[in-house]
2 protein chains.
Amino acid sequence: MKPPEKAFSEYLASRNLKMTPQRRLILETFIQADGHLSSEELYTQVKSKDPSVGQATVYRTLKLFADSGIAEAVDFGDGLLRYELRYGQDHHDHLICDECGRNIEIVDPDIERLQEELARRYDFVLRRHKMYLFGLCKECRGKNQ
Amino acid sequence: MKPPEKAFSEYLASRNLKMTPQRRLILETFIQADGHLSSEELYTQVKSKDPSVGQATVYRTLKLFADSGIAEAVDFGDGLLRYELRYGQDHHDHLICDECGRNIEIVDPDIERLQEELARRYDFVLRRHKMYLFGLCKECRGKNQ
DNA sequence: CTCGATGCAAACGATTTGCAAAATT
DNA sequence: AATTTTGCAAATCGTTTGCATCGAG
């Protein structure tokens, strides 16, 4: 599958949008950090590499990433909008540690199948879903005993 | 199980908090509307009954409902905080129509069981989860054909 | 009477937008 | 050269908070 850099440039080209140093830097930083960064975390990291970059540019660029399909906005319900790189088309859900914030991407075909069944039972056609599992990971259970 | 009015008064009494006409009105309106109201929707409905009630009071009271356990905050990711009455302890997930906003509360023990399994596989102890299924209900599929 | 509760308006925090200047094609 | 992009600051939006006043117990 296409590397995000390439997919993004192609998207820009196809829309008469421009590749700028800021966009390059933001994408590079975003890829390096490859977790689930909030806009502000990314802004902080970007600013440490180039302090002249503005907050609004980071927000605008993340939105562009989402439009281009290389990233996806995810909402953990903590008031921050996060983005994650989309590698290909694979959908996934999240297993999140309440304590350390560790975030594991999961896919469970059995659950997805049951979701479809459930929707059918209520005569819904499913378009998408969000599933977040919150708990404590092994390490964090150890810490607080 | 205890009716919400009673549970709420008891909670107030136990904490030296006071039952006021505003709180009574807000709870009554909330119960009547018994869907998944956002703070502002509830505010609008309350204000139509008593225009002197302030926005802040509604926010504060909803938070109280959540603290007292008679309501729960749910976040559909649309930027609004919603609250729903908790009848007893039953947990449930949501099946939401993208078109008309219809919201069906669902519980599927099979899915819950698979979630537990999944968590165990990654050595997590699960504390809670959020699952939202989005799609189109029968009626809305009819409309736009 | 004593605190807690209220309404108002100002404050908030994350995100968005208007605008004039700067940079890409 | 034309048009998009940028950085800045001001604007938004939902929600929260400070404060003086009001009211429940």
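Residue numbers begin at 1 in each chain, while the letters A, B, ... track the order of the sequences. All values reported here derive from a predicted model rather than from experimental measurement.
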Checklist line | 4.5 Å side-chain heavy-atom contact, Arg113(B) and Asp110(B) | finding: yes
In whole Å, what is the span from the [atom1] atom of [X] to the [atom2] atom of [N]?
{"X": "Asp78(A)", "N": "dT15(C)", "atom1": "CG", "atom2": "C1'", "result": "14 Å"}
{"X": "Glu40(A)", "N": "dT15(C)", "atom1": "CD", "atom2": "P", "result": "6 Å"}
{"X": "Arg15(A)", "N": "dT4(D)", "atom1": "CZ", "atom2": "P", "result": "13 Å"}
{"X": "Leu81(B)", "N": "dG13(C)", "atom1": "CG", "atom2": "C1'", "result": "15 Å"}
{"X": "Arg82(B)", "N": "dG14(D)", "atom1": "CZ", "atom2": "C1'", "result": "12 Å"}
{"X": "Tyr11(A)", "N": "dT4(D)", "atom1": "OH", "atom2": "P", "result": "14 Å"}
{"X": "Arg24(B)", "N": "dA5(C)", "atom1": "CZ", "atom2": "P", "result": "14 Å"}
{"X": "Leu37(B)", "N": "dG14(D)", "atom1": "CG", "atom2": "P", "result": "15 Å"}

Margin query: I'd like to know if the side chain of Arg23(A) and the backbone of Lys18(A) have a donor-acceptor N/O pair within less than 3.5 Å.
Written below: yes
Any side-chain N or O of [X] less than 4.0 Å from the OP1 or OP2 oxygen of [N]?
{"X": "Tyr59(A)", "N": "dT15(C)", "value": "yes"}
{"X": "Arg23(A)", "N": "dT4(D)", "value": "no"}
{"X": "Lys63(A)", "N": "dT16(C)", "value": "yes"}

Notebook entry, point to check: In Å, rounded to the nearest 0.5 Å, how long is the span from CD of Gln115(A) to CD of Glu112(A)?
Noted result: 5.5 Å
Checklist line | Centroid-centroid under 6.0 Å between His94(B) and Phe76(B) rings | finding: yes
Margin query: Counting distance alone, no hydrogens or angles: does the base of dG7(C) have a donor or acceptor under 3.5 Å from a partner atom on the side chain of Arg60(B)?
Written below: yes
Please tabulate the protein-to-nucleotide N/O contacts below 3.5 Å involving nucleotides 22-25 of chain C, giving atom names and distances.
residue : atom : partner  : partner atom : Å
dT24(C) : O2   : Lys18(A) : NZ           : 2.7

Check: Do Asp93(B) and Lys130(B) meet the salt-bridge criterion of a basic N to acidic O distance under 4.0 Å?
Finding: no
Next item on the list: Identify whether the distance between the nearest side-chain nitrogen and carboxylate oxygen of Arg82(B) and Asp75(B) falls below 4.0 Å.
Entry: no
Check: Pick one: which of Ile104(B), Val74(B), Val107(B), Ile106(B) meets side chain to side chain contact (heavy atoms under 4.5 Å, CB included) with His92(B)?
Finding: Val107(B)
Side-chain atoms of residues 117-126 of chain B: list all donor-acceptor pairs with protein atoms under 3.5 Å, sequence neighbours left out, distances to 0.1 Å.
residue   : atom : partner   : partner atom : Å
Asp123(B) : OD1  : Arg141(A) : NH2          : 2.9

Check: If two hydrophobic side chains count as joined below 4.5 Å and joins carry through other members, does Val53(B) share a cluster with Ile31(B)?
Finding: yes
Margin query: Show, in sequence, the C-alpha distance, side-chain angles and deciding distance for Phe30(A) and Tyr83(A), and conclude whether the ring pair (Phe, Tyr, Trp, His ring centres under 6.0 Å) test is met.
Written below: CA-CA 9 Å; Phe30(A) 184 51; Tyr83(A) 286 86; 7.2 Å; no
Item checked: Full working for side-chain contact (heavy atoms from CB on, under 4.5 Å) between Leu64(B) and Phe8(B) -> CA-CA 9 Å; Leu64(B) 256 190; Phe8(B) 187 54; 4.2 Å; yes
Margin query: Please list, in numerical order, the residues of residues 45-58 of chain A that have a heavy atom closer than 4.0 Å to any atom of DNA chain D.
Written below: Ser52(A), Val53(A), Gly54(A), Ala56(A), Thr57(A)
Item checked: Geometric cation-pi criterion, Arg127(B) with Phe134(A): 6.0 Å, 45° -> no
Next item on the list: Please collect all side-chain hydrogen bond (donor to acceptor under 3.5 Å, both in side chains) contacts where either partner lies in residues 3-15 of chain B, sequence neighbours excluded, each pair once.
Entry: Lys2(B)-Glu10(B)
Next item on the list: Show your working on side-chain contact (heavy atoms from CB on, under 4.5 Å) between Leu42(B) and Ile26(B) and close with a plain yes or no.
Entry: CA-CA 8 Å; Leu42(B) 184 56; Ile26(B) 292 168; 3.9 Å; yes
Could you go through nucleotides 10-12 of chain C and list every protein N or O atom that sits under 3.5 Å from one of its N or O atoms, giving the distance for each pair?
none

Note to self: At 10 degrees resolution, what angle do the end axes of the helix from dC1(C)-dG25(D) to dT25(C)-dA1(D) form when each is taken over five base pairs?
What the structure shows: 30°
